[in-house]
Asker: 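If you scroll down you'll find the structure; I have some questions about it.
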Amino acid sequence: MSDIYRPGEIEPAIRRLWEEENAHRAESGDGERFYCLSMFPYPSGKLHMGHMRNYTISDVISRYHRMRGMRVLQPMGWDAFGLPAENAAMANGVPPAKWTRDNIEHMRGQLRQLGFAIDWERELATCDSEYYRWNQWFFLRLLERGIAYKKTGTVNWDPVDQTVLANEQVIDGCGWRTGAPVEKREIPMYYLRITDYADELLESLDDLDGWPERVRTMQANWIGKSEGAEIAFACGEDTIKVFTTRPDTLMGATFMAVAAEHPLAKRAAEDKPELAAFIAECQKGGVSEADIAVQEKKGMDTGLTAVHPLTGDELPVWVANYVLMAYGEGAIMAVPGHDERDFEFANKYGLPIRQVISLPEGREYDDRHWHDDYAAKAGQLVHSGPYDGLEWSKGFDAIVADLEKKGTGRARTQFRLRDWGISRQRYWGCPIPIIHCPDCGDVPVPEADLPVVLPEDLVPDGSGNPLNRHAEFLDTDCPKCGRAARRETDTMDTFVDSSWYFLRYTGPDNDAAMVDERADQWMPVDQYIGGIEHAILHLLYARFWTKLMRDEGLVSVGEPFKRLLTQGMVLAETYYREDASGRKVWFNPADVEVQRDGKGAILSAVLKDDGEPVEPGGIEKMAKSKNNGVDPQALVNTYGADTVRLFSMFAAPPEQSLEWSEAGVEGAWRFLKRLFAGVQAHVAEGALPGRKPEGLEGAASELRTRLHETIAKVGDDMGRRQTFNTAIAAIMEFCNELQRFEPAGEAERVLAQEAWEAVVRLIAPVTPHISEALWRQLGRDGSVFDNGWPRVDEAALERASVTVVVQVNGKVRGRVDVAPGAGQDAVHEAAMADENVARHVEGKTVRKVILVPDKLLNLVVG
RNA sequence: GCCCGGGUGGCGGAACGGUAGACGCAGUGGACUCAAAAUCCACCGCCGGCAACGGCGUGCGAGUUCGAAUCUCGCCCCGGGCACCA
């Protein structure tokens with residue numbers, strides 16, 4: 001082997017070795033298993049740094065556990081259905097299927113080049129009918145069980161392209177391609193009753209102690225369980241049913257508000273053109289909650305009144321754009337005195353505001369200015385007739401009890417979580433296996449006819465789903481009556497695909513069943529790694545789907561992911577230009593020349609191709625849609641996979657988001673060169689594999705202590721803390737010491753060998769190629785990944801003395817060396833012998849002494 | 001707007017209530033070289049001081065504690081999610 005580190009030679013050779021030995025196949029059999037999973041990528045074209053980081057983390061964890069003697073499964077696949085393929089098709093006329101499969105081909109090559117220990121025999125792509133047929137099969141079971149059902153839902157409608165838009169495609173309320181104002185439209189869709197599982201999804205969050213607290217909090221808030229009451233208000237012949245979390249404020253209800261889509265609003269509008277116009281006005285704009293939440297609160301009186309169930313007062317019924325049809329009952333009782341949105345609305349339209357809950361001592365209620373404590377769950381009921389003086393929660397119970405007696409209300413639990421709408425009016429997805437028969441209605445495709453295969457040669461053009469114009473797909477016979485019928489052309493949400501792929505990895509070759517007994521052998525996933533952006537939707541749906549499969553008897557686990565590492569996003573600057581129609585065209589940072597001032601702010605940015613300026617669009621997660629993904633390929637070509645892996649792990653702790661910068665990759669490269677050279681220099685004098693050094697003294701003994709401290713730290717950082725950056729820093733630090741060490745005599749050369757062997761193994765999960773090569777050079781047989789993780793020699797950790805920091809009034813004034821475990825008096829005495837410490841204590845009384853054994857002594861004087 | 005994070009030298013970051021700035025990048029000075037690259041050595045938060053050392057310093061303001069980057073409250077800025085981007 002050459003004396004100079006040449007990754008271009010080492011890396012392909014080592015990968016060939018692994019391939020020949022089939023080193024990464026996950027074996028079923030004896031021994032502890034470890035299922036390490038990373039979120040599968042959308043095949044967007046090229047690998048970007050976010051992928052690189054995600055899969056490197058996964059590989060480090062996999063290889064670490066493999067070295068600790070476990071049977072590791074690390075699979076890979078492709079989240080291959082979705083919108084970007086249709087966008088690419090519109091842009092260059094390539095069928096989504098071809099575009100997707102070409103991308104997979106390219107990205108698989110990139111992944112292989114990075115040396116990940118992936119079991120490629122289990123690879124799957126969700127656009128393959130062998131995969132998605134099970135989506136269809138399971139959907140039909142859910143339909144039978146009543147978990148899947150049909151109802152109308154609201155979508156974004158582009159009136160020019162006559163097509164449904166994704167929220168992402170609605171920009172400032174207008175269609176992204178046409179620029180036309182978007183409208184809300186009601187269409188029939190299939191839904192899954194995730195709300196049936198709301199309680200279990202919430203409760204079992206408590207058991208997920210391997211999940212980050214913030215993810216559990218986000219999911220709990222998303223599910224949003226609230227205890228309250230359902231109250232019926234009579235309104236002429238009808239009743240308006242509302243849900244409220246604050247029945248204690250019922251006496252403060254001064255008006256009612258219903259959503260624009262509420263049946264009562266529609267009815268009231270029949271003979272009121274101005275109300276009909278207002279409701280039409282509410283149909284403008286997109287459906288996303290973010291859009292709705294920021295829009296100005298508007299409303300109109302319907303002219304109807306509702307009867308207050310306790311006082312008999314007549315309350316005006318309004319239509320309000322801030323009341324959502326999808327939440328609760330699509331109607332609210334407005335208590336402007338104690339709800340911020342109602343307060344704002346009442347002030348705008350001159351509706352009465354009544355305080356019914358007392359404020360803390362000394363606070364005055366001001367009905368012109370909102371204060372957050374108006375909404376606090378605290379205080380007693382006031383201006384509430386018979387309920388006056390009751391503490392708010394007692395008032396809650398009393399009012400609910402009275403409503404129950406009258407039969408106009410009851411206590412109820414409400415979830416913010418809504419049922420999961422899975423229908424998409426798109427071509428590039430899994431077909432929903434339903435046939436529409438003019439006589440029999442919606443008929444499920446018989447199991448024997450599955451899969452319903454998606455034709456792969458269509459090219460969407462932006463004007464709706466091309467399946468609607470594809471007779472070969474569309475025209476079929478009714479399975480019930482045999483007469484001509486049409487296939488459903490909606491496809492499934494891609495979150496369906498990603499809700500169970502981790503189960504399919506355990507038995508991808510089974511063409512007779514969705515999953516088999518191997519699922520229970522590997523599940524649950526021991527470690528799941530993926531972007532924090534999936535904290536809610538994907539992870540919630542995957543948990544839900546797993547429970548559905550459990551309840552169908554297909555798997556025995558109820559929670560799919562034992563431990564979760566949420567990777568921080570890799571961010572990069574975005575650059576764009578607006579074209580003639582005002583649409584933004586995004587440019588990749590690699591194609592932009594940027595000048596910055598001393599503080600890093602952008603002074604100017606021009607496109608390299610034409611030298612013309614581009615607009616900086618801010619720093620965002622690397623994504624296809626903003627074209628700001630940085631391809632690691634150029635770096636891999638220059639430095640090799642190990643350097644890029646090392647650098648991406650060293651740059652920041654995995655959970656933290658990271659603004660992409662290449663500065664620093666040189667440091668990783670230099671470290672590997674030094675490591676390589678250090679081992680060469682050592683083995684040039686002869687390798688001494690597998691021996692334990694005896695009788696070390698002085699610097700050699702100290703070095704061995706440092707070695708075993710490093711082994712302990714790296715093990716803790718990789719296993720428990722998962723802070724790979726600090727593990728690498730500790731290895732670098734020790735290497736710096738090792739390189740300065742000049743062994744004299746055999747015992748010290750044996751120590752050097754022990755140290756190099758340990759370093760090579762400690763860094764192996766991060767830089768597997770160079771480690772594998774150096775391990776063999778050090779005279780060891782077999783793969784470094786089969787030879788175990790270095791063991792800490794507890795005896796080597798013992799030191800003759802420790803340094804204790806001495807503080808006076810919390811400020812560091814000196815350091816003293818004492819015997820390990822020295823008591824307070826002994827350390828105090830030693831500290832007073834320090835000139836600087838003595839000076840700061842002189843003439844003052846020591847009032848308190850605090851000792852942190854072997855670390856710190858604080859003398860409180862005054 | 002609502003929910004969840006984050007803010008530490010010129011830069012990426014370390015500090016797991018107990019020495020703020022480990023490790024690395026960039027920079028500066030030096031060695032080697034005809035020269036360059038590579039490599040090696042030294043310095044490297046700000047202010048004062050020849051030094052010993054002292055003061056200040058973790059987005060801003062308050063609080064808890066012997067001790068706060070770390071815990072609590074309020075504010076500012078940045079990022080993620082908000083159900084059809086994945």
Side-chain angles (χ1 to χ4, degrees), chain A residues 39 41-42 44 79 81-84 87 153 155-156 164-170 212-215 217-218 220-222 224 287-295 322 326 340-341 417-421 423-426 493-495 498 531-538 540-541 566 568-569 571 598-600 618-621 623-625 647 650-653 655-659 661-668 670-671 673-674 677 716 720-721 723 725-726 728-733 736 803-807 809-812 815 835-836 839 847-850 852 855-860:
Chain A
M39 290 181 186
Y42 180 82
S44 55
D79 189 12
F81 276 137
L83 208 50
N87 296 341
V155 295
N156 303 304
V164 175
L165 298 178
N167 285 334
E168 187 190 50
Q169 297 171 319
V170 179
E213 196 56 48
R214 58 168 161 160
V215 176
T217 306
M218 280 191 263
N221 290 342
W222 184 262
V287 300
S288 85
E289 193 187 285
D291 287 345
I292 290 162
V294 294
Q295 73 192 3
Y322 70 97
E340 188 172 2
R341 289 162 308 177
L417 182 69
R418 310 197 295 254
D419 276 344
W420 175 15
S423 294
R424 296 291 179 271
Q425 297 69 44
R426 311 208 180 284
D493 182 3
T494 55
F495 278 128
S498 55
I532 182 67
E533 70 270 29
H534 296 291
I536 296 174
L537 292 179
H538 161 62
L540 190 67
Y541 291 144
T566 46
M569 271 158 305
L571 313 176
K599 286 184 171 170
I619 294 161
E620 292 190 52
K621 69 167 172 172
K624 181 83 184 160
S625 61
F647 171 59
F650 183 58
E655 306 237 55
Q656 190 169 309
S657 62
L658 178 63
E659 214 174 297
S661 157
E662 270 176 39
V665 69
E666 278 288 338
R670 280 202 279 262
F671 171 74
K673 276 201 288 190
R674 277 202 302 273
D716 189 45
R720 180 181 65 90
R721 299 181 66 208
T723 51
N725 58 327
T726 54
I728 293 164
I731 295 168
M732 286 178 169
E733 210 172 344
N736 290 341
T803 304
V804 171
V805 167
V806 183
Q807 297 183 334
N809 287 343
K811 284 187 193 291
V812 179
R815 287 169 182 80
E835 215 178 291
N836 201 41
R839 206 175 69 230
R847 301 196 184 277
K848 201 168 178 182
V849 181
I850 287 137
V852 182
K855 277 197 128 170
L856 176 136
L857 182 81
N858 189 12
L859 301 172
V860 184

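Numbered from 1 within each chain, the chains take letters A, B, ... in sequence-line order. Hydrogens, waters and symmetry mates are skipped; everything else that's a heavy atom, side chains included, is used.
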Asker: Under the ring pair (Phe, Tyr, Trp, His ring centres under 6.0 Å) test, which residues partner A:W420, sequence neighbours left out?
Answerer: A:Y541

Asker: A:S44: what forms a side-chain contact (heavy atoms from CB on, under 4.5 Å) with it, not counting sequence neighbours?
Answerer: A:Y42, A:H51, A:K624

Asker: When you check the phosphate oxygens OP1 and OP2 of B:G67, does a side-chain N or O of A:K811 lie under 4.0 Å from one of them?
Answerer: no

Asker: Within this structure, what is the CG-to-P distance between A:L856 and B:A68, rounded to whole angstrom?
Answerer: 12 Å

Asker: Kindly point out which of B:C16, B:G13, B:G67 is positioned nearest to the side chain of A:R721?
Answerer: B:C16

Asker: Given that A:Q656 and A:N836 both sit by RNA chain B, which one's nearest nucleotide is further toward the 5' end?
Answerer: A:Q656

Asker: For nucleotides B:U64 and B:U70, find the distance between their P atoms and express it as a whole number of Å.
Answerer: 15 Å

Asker: Give the minimum heavy-atom separation between A:T803 and A:R815, together with the two atoms involved.
Answerer: CG2-CB, 4.0 Å

Asker: Can you name the closest pair of heavy atoms from A:A166 and A:L83 and give their distance?
Answerer: CB-CD2, 3.8 Å

Asker: Please state how far atom CD in A:Q807 lies from atom P in B:A20, giving the value in whole angstrom units.
Answerer: 7 Å

Asker: Please confirm whether the shortest side-chain N or O distance from A:K855 to OP1 or OP2 of B:G18 is below 4.0 Å.
Answerer: no

Asker: State which residues pass salt bridge (Lys or Arg N to Asp or Glu O under 4.0 Å) with A:R674; sequence neighbours excluded, sorted by chain then number.
Answerer: none

Asker: Which part of the nucleic acid does A:R839 contact within heavy-atom distance under 4.0 Å: base, sugar-phosphate only, or nothing?
Answerer: sugar-phosphate

Asker: Can you give one letter per nucleotide of nucleotides 70-86 of chain B, going 5' to 3': B for a protein heavy atom under 4.0 Å from the base, S for sugar-phosphate only, - for none?
Answerer: ---------SSSBBBBB

Asker: Give each stem of RNA chain B as a range with a range, requiring at least 3 consecutive Watson-Crick or G-U wobble pairs whose two distances are under 3.5 Å.
Answerer: B:1-7 with B:76-82, B:10-12 with B:23-25, B:27-31 with B:39-43, B:45-48 with B:53-56, B:59-63 with B:71-75

Asker: Once side-chain hydrogen bond (donor to acceptor under 3.5 Å, both in side chains) is applied, do any residues pair with A:N167, and if so which ones, sequence neighbours excluded?
Answerer: A:N156

Asker: Which whole-number value in Å describes the distance from A:K673 NZ to B:A38 P?
Answerer: 7 Å

Asker: Should A:N221 be listed as having a side-chain N or O under 4.0 Å from OP1 or OP2 of B:C4?
Answerer: yes

Asker: Do A:D79 and A:H538 come close enough that some side-chain heavy atom pair is under 4.5 Å?
Answerer: no

Asker: Distance between the C1' atoms of B:C2 and B:A14, in whole angstroms?
Answerer: 35 Å

Asker: Please list, chain by chain and in numerical order, all residues satisfying salt bridge (Lys or Arg N to Asp or Glu O under 4.0 Å) with A:E213, sequence neighbours excluded.
Answerer: A:R216

Asker: For B:G21 and B:G13, measure between their C1' atoms and round to the nearest Å.
Answerer: 9 Å

Asker: Say you pick atom C1' in B:C43 and the same atom in B:C85; how far apart are they, in whole Å?
Answerer: 50 Å

Asker: Rounded to the nearest angstrom, tell me the gap between atom CD1 in A:I850 and atom P in B:G18.
Answerer: 14 Å

Asker: Tell me if B:G9 is syn or anti. Syn = glycosidic torsion within 90° of 0, anti otherwise.
Answerer: syn

Asker: How would you label the contact of A:V860 with the nucleic acid (heavy atoms, under 4.0 Å): base, sugar-phosphate, or nothing?
Answerer: sugar-phosphate

Asker: How far, in whole Å, is B:G9 from B:C56 if one measures between their C1' atoms?
Answerer: 14 Å

Asker: When the P atoms of B:G59 and B:G6 are compared, how many Å lie between them, rounded to an integer?
Answerer: 12 Å

Asker: Please identify each residue that fulfils side-chain contact (heavy atoms from CB on, under 4.5 Å) with A:N809, with sequence neighbours left out.
Answerer: A:V860, A:V861

Asker: Return the 5'-most residue of the pair A:T723, A:G810 with respect to RNA chain B, ranking by each residue's nearest nucleotide.
Answerer: A:T723

Asker: What's A:E655 touching, base or sugar-phosphate or nothing? Going by heavy atoms closer than 4.0 Å.
Answerer: nothing

Asker: Taking salt bridge (Lys or Arg N to Asp or Glu O under 4.0 Å) as the definition, give me every residue that meets it alongside A:E289, ordered by chain and number, with sequence neighbours left out.
Answerer: A:R416

Asker: Identify, with sequence neighbours excluded, every residue that meets salt bridge (Lys or Arg N to Asp or Glu O under 4.0 Å) alongside A:R424.
Answerer: A:D493

Asker: If I pick the C1' atom on B:C4 and the same atom on B:G10, what distance separates them, to the nearest angstrom?
Answerer: 32 Å

Asker: Write down the distance between CG (A:D291) and P (B:C2), rounded to a whole number of angstrom.
Answerer: 16 Å

Asker: Roughly how far, to the nearest 0.5 Å, is the OG atom of A:S498 from the CZ atom of A:F81?
Answerer: 12.5 Å

Asker: Restricting to side-chain contact (heavy atoms from CB on, under 4.5 Å), what partner residues turn up for A:Q425, sequence neighbours left out?
Answerer: A:V155, A:V164, A:I187, A:M189, A:S423, A:D490

Asker: Just call it for A:V812: base, sugar-phosphate, or nothing, with non-hydrogen atoms closer than 4.0 Å on any strand.
Answerer: sugar-phosphate

Asker: Mind checking the P distance from B:G17 to B:C23? Whole angstroms is fine.
Answerer: 22 Å

Asker: Specify the closest pair of heavy atoms between A:E655 and A:R214, including all atoms of both residues, with the distance to one decimal.
Answerer: O-NH2, 3.5 Å

Asker: Rounded to the nearest Å, what distance is computed from the CZ atom of residue A:R341 to the C1' atom of nucleotide B:C2?
Answerer: 9 Å

Asker: At under 4.0 Å between heavy atoms, which parts of nucleotides 21-30 of chain B does protein reach? Answer with one letter per nucleotide, 5' to 3': B base, S sugar-phosphate only, - none.
Answerer: -BBSSS----

